[in-house]
Amino acid sequence: MDLGLTGKRAFVTGGSHGIGLAIARGLLAEGATVVVCARDEDRLAKCGVPGIRADVTDPDQLGRAVDEAAERLGGLDLLVANAGGSYGGGLLESTPQD
C-alpha cells in the first residue's frame, strides 16, 4: 500500500514495543524516516528503530525528545502520540496532567 509517506519524518511516542513499535515499523515500510521515544532504555536498544529515552509525562523530557527528534530528522511532519493510557476525555479537553 502506498500512503504517500515517502520522505516524511515521524516521531512516535511509546514506540519501543507493542502498538507503537508496529506503527513505527509500518511508517518505515511506507518510506518515512522514524524516531521513537520510550522510557525503557533496554527496549529502545532492542527495537531496531532509532530511539530517544524520555518519559513523556515529564514536560521537560518530552520537549527535549521532540527537539532532538526534529534535529535528527531535519524537522518533523508526523507525530504519533501513542504513549500512556486513556483518561476518558477528548484531546481538546485534555490538560497536561491528563
Side-chain angles (χ1 to χ4, degrees):
M1 175 177 356
D2 182 2
L3 299 175
L5 299 176
T6 299
K8 298 294 184 184
R9 302 157 299 185
F11 180 60
V12 180
T13 65
S16 66
H17 69 285
I19 292 171
L21 181 55
I23 291 168
R25 288 179 175 161
L27 291 168
L28 286 166
E30 286 293 322
T33 306
V34 180
V35 170
V36 298
C37 169
R39 293 180 295 186
D40 190 313
E41 192 76 45
D42 291 334
R43 283 187 175 167
L44 277 171
K46 295 174 185 174
C47 76
V49 180
I52 298 168
R53 195 228 160 274
D55 182 342
V56 300
T57 65
D58 179 325
D60 292 333
Q61 288 187 42
L62 177 58
R64 178 191 52 79
V66 170
D67 289 346
E68 185 176 334
E71 184 176 321
R72 284 189 194 184
L73 301 177
L76 293 173
D77 301 301
L78 305 167
L79 165 65
V80 179
N82 174 68
S86 174
Y87 65 92
L91 175 65
L92 297 177
E93 294 82 31
S94 67
T95 67
Q97 292 76 27
D98 295 331

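FYI, the numbering just counts along the sequence from 1.
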Q61 CD to I52 CD1 distance, which is reported to the nearest 0.5 Å: 11.5 Å
Side-chain heavy-atom pair L76, L79 within 4.5 angstrom cut-off: no
Any donor-acceptor pair under 3.5 Å from D77 side chain to K8 backbone: no
Reported NZ-to-CD distance for the pair K46 and E41, which is rounded to 0.5 angstrom: 11.5 Å
For residues 11-32, which side-chain N or O atoms pair as donor and acceptor with protein atoms under 3.5 Å away, sequence neighbours left out?
{"residue": "T13", "atom": "OG1", "partner": "V80", "partner atom": "O", "Å": "3.4"}
{"residue": "T13", "atom": "OG1", "partner": "N82", "partner atom": "N", "Å": "2.8"}
{"residue": "T13", "atom": "OG1", "partner": "A83", "partner atom": "N", "Å": "3.1"}
{"residue": "H17", "atom": "ND1", "partner": "R43", "partner atom": "NH1", "Å": "3.0"}
{"residue": "H17", "atom": "NE2", "partner": "R43", "partner atom": "NH1", "Å": "2.9"}
{"residue": "R25", "atom": "NH2", "partner": "C47", "partner atom": "O", "Å": "3.1"}
{"residue": "E30", "atom": "OE1", "partner": "L3", "partner atom": "N", "Å": "2.8"}

Sidechain-backbone polar pair: R9 side chain, A69 backbone, donor-acceptor under 3.5 Å: no
Where P59 and T57 come nearest, the two heavy atoms and their spacing: CD-O, 3.5 Å
Atom pair CG/CZ of D67 and R72 - distance to nearest 0.5 Å: 12.5 Å
Note, L44 side chain near D40 side chain (heavy atom, < 4.5 Å): no
pair V56-C37: side-chain heavy atoms closer than 4.5 Å: yes
Whether over 12 other heavy atoms sit under 6.0 Å from R39 CZ: no
